[in-house]
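Reviewing the structure listed below.
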Amino acid sequence: MDTIKKSLRHTPAMRWLMLLLISGLTFGTYWFQDFFGGLKTIMENDMGFTSEEFGRLIGLTTIANMFGMIIVGGIILDKWGVRMAGIVFGGIATLGASITALASAGFFGEDHSTMLNMMILGRILFGSGLEVVCVVATRTAVKWFKGYELALAMALNMGLGRLGSAMGIALAPDIANGSVPSAVTFAATLIGIALIMFLIYSVFDIKLDRQEKVEGAEEDGEDFKFSDLVKLITNKSFLFIALLCVAFYSAVFPFIQYAPDILINKFEFSILLPENGNIELFGSTSLGNASVFVALYIFAIAFAAIPKQIKNINTRRVYMAVIALLFAGFLASIWDVMGIWLQNGSKTAALIPLGTIIFTPIFGSYVDSKGKAASLMILGALLLIFAHVSMSLFNYDWLAYLGLISLGIAFSLVPAAMWPSVAKIVAENRLGTAYASMFTIQNWGLGLFFWGIGAMVDWFNPKIVAAKQAIADQLHAFNLKDNTITTIRNGLQDIGLASGQEREVIQEMRFDEISTQLAANNSPEKVDEVMNYLSSLGEIPAYDYTYPILALVGLGVISIYLAFQLKKADAKQRYGLELPSGQTPDDE
Ligand SMILES: NCCCC[C@H](N)C(=O)NCC(=O)O
C-alpha cells in the first residue's frame, strides 16, 4: 500500500495537472484542424482562394493518414511509448502548422500558387501528426487514470478537442480581423504552446515510469498486426461499422468545415459580428467572446460528466440544482448577445461541436445502461438525413436551426454508440488495429468530401465565382488605403459594364448608393471589409449550396443502410450491441 501511495498518479492533483498538460495537444490540434472553416469568406476576398482551393487545402490534410500514418504512428507509439510519440508527432504537427502560418503571411513568396502550395504542404505535415497526437493523449489519460476517474478524464479530453474546434471556427474571424495570417499564426502558436506543455508533461512521465516500474505496472498497448487486420475485415459486423464510420463522419466533419459559409450564403447569416455583438473582457473582444465558449464548456462538463462522480443521490440533486441556477444566470447575462450570435455564420456553426460536449456523455451513459447501440446508430443516421435535407432543399431559417440541432444530436449519438460497439465486436488485443484501420479509411472519406464539397461549390456556381473574383481583383488593384470612394465606385461600375459571365450577375449594382454608404462607413481600408459590406447589401451574389449538401444526404442514406446491416449482422453474430454494457446475449 505504501509503495502505491508513492507513485505520482495516485495523487488526484497530479493526475488532473497531467490531464491539463496533455489535453493542450487535443485542444490545439482540433482548433487548427477546423478554424479555417470560419475564414473561408476572408480567404476568398483577401487571398483570392476559390472554394475548390479551400477544399484542397483542408482535404489534403488527411493524405498521410490515408496512406497509413495512423498505423505507423500506432506502431511507434507501442515501441517508444507516449512520451516520445507525443514529442515526435506533436513536433510534426507544430512544424506543419508553422509552415502554414508562414506561407499565409507570404514568407515563401507572395504569388497565389506559392502561398497555396506551401500552405498545403504545411497542412499535410500538420495532418501527419494530428491523428496520432489524439491517440497519444487518450493513451496518456489511460496511463494516469486507470483505476481512477478514467471516463471523466476521457470526456474532459475529448470535450477540450470539441471546444478547440468550436472556438477555432467561432473566433477565427474575430482574430483575423480581415487578415488571414493573424488567425493562422494564432492557431499555430496554440499548437506550439501545447507542445511545450507536453514537454513539461514528459518530465513527470519519466518520473512516473520510474515509480511504476518499482510497482511492476506495465503500460497497456495492443500492437498493430496485419494478420489481425485480415481477420477483422472478414468479420461482417466490423466491416459494416467501419464503413458506417466513413460514411457518417464524411457527412459531419466536412459539413462543419463549410457550415459558416453555408449559413452566410444560403441563410444570409452575418459574416462579421456587429459591434454590439461582442463581449469585452479586459478590453479585448476576442478574449470576451472566447470566455463565453470556455464558460459553456465548463457548464457542459458540470452537467454531463461530473454528476456520475457523485454517489449520494441527494448531494447530486443539490449539485444539479445549483448548476442549473448558475447556468440560468449566465444565460440571462448574455441573452442579447446570444441573439446576435445566432445570426452570425461562424458563431452559430461552432455550436455543433460545442453541443456534443454535453450530449455525448449523456448518450454514452444511456448506451451503457440500456444498450440499443445499433438502433441509436440508425436514429443518428436518420437525424443526419433530416439535417442535410432541411439545409439543402429548403430556405427557412427556423428549419436550418432545427437541422443544425439534429446534426448536433446525431454527432453526439453516433460516436457515443459506435466506439463502445467496436469494443464489443473486436477482441481487446485487436482493438488498436481496429481503431487504426477505421480511422485510416475514415480519412479517405474525409479527404474526398473536404475537397469535393469545395469543388462542387465552384462547379455549380461558375458565374458567381467569376463575379466575386472580378470584384475582389478590382478592389485589390485600387490599393484601398490611398483611395477614394469615388474610385471604388467607378471601378465597380467598370466591372458592371464589363462583358462576360460576371456581368450577368453583378449588373444590378446600385453604384451611387453603394459609394454613399461606403463613405458613411468610414471609407473601409480592407478589401474584405468592402466585400463584406457589398455582400450585406445583397450586391454580391451568394453561392448555391443545394447540390453539395445533397451529396451529404447521399452519405446519410448510405449510413442508414449500413446501420441496418450492422444490426442484422449483430443479430446473427451475437455481439450484443443492443444490450447494456457488460451483458452478452448468452446471459439472457
Ligand atoms: N478533428 C480531429 C480529427 C480526429 C478525428 C478522429 N479520427 C475521430 O474520428 N474521432 C472520433 C470523434 O468523434 O471525433
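Numbering starts at 1 and runs along the sequence shown. Whatever order the structure lists ligands and atoms in, that order sets their numbers, starting from 1.
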query = Shortest non-hydrogen contact from Ile22 to Ala137?
reply = CD1-O, 3.7 Å
query = Judged by modelled atom types alone, do Ser182 and Ser179 share a side-chain donor-acceptor pair under 3.5 Å?
reply = yes
inquiry  = Strictly by side chain to side chain donor-acceptor pair (under 3.5 Å), give each pair with a member in residues 344-357 just once, sequence neighbours left out.
reply    = Arg162-Thr356, Asp174-Lys347, Ser270-Asn344, Asn344-Ser346
request  = Answer yes if the ring centres of Phe145 and Trp16 are under 6.0 angstrom apart, and no otherwise.
outcome  = yes
ask   = Does the Asp261 side chain pair with the main chain of Lys40, one donor and one acceptor, at a distance under 3.5 Å?
value = no
query = Has Arg9 got its NZ or CZ under 6.0 Å from the middle of the six-membered ring of Tyr148, at an angle within 45 degrees of the ring axis?
reply = no
N/O to N/O under 3.5 Å, ligand 1 against protein:
{"unit_1": "ligand 1", "atom_1": "7 (N)", "unit_2": "Glu131", "atom_2": "OE1", "d": "2.8"}
{"unit_1": "ligand 1", "atom_1": "7 (N)", "unit_2": "Glu131", "atom_2": "OE2", "d": "3.0"}
{"unit_1": "ligand 1", "atom_1": "7 (N)", "unit_2": "Gln442", "atom_2": "OE1", "d": "2.8"}
{"unit_1": "ligand 1", "atom_1": "9 (O)", "unit_2": "Gln442", "atom_2": "NE2", "d": "2.7"}
{"unit_1": "ligand 1", "atom_1": "13 (O)", "unit_2": "Arg162", "atom_2": "NH2", "d": "2.7"}
{"unit_1": "ligand 1", "atom_1": "13 (O)", "unit_2": "Tyr249", "atom_2": "OH", "d": "2.6"}
{"unit_1": "ligand 1", "atom_1": "14 (O)", "unit_2": "Arg162", "atom_2": "NH1", "d": "3.0"}
{"unit_1": "ligand 1", "atom_1": "14 (O)", "unit_2": "Arg162", "atom_2": "NH2", "d": "3.1"}

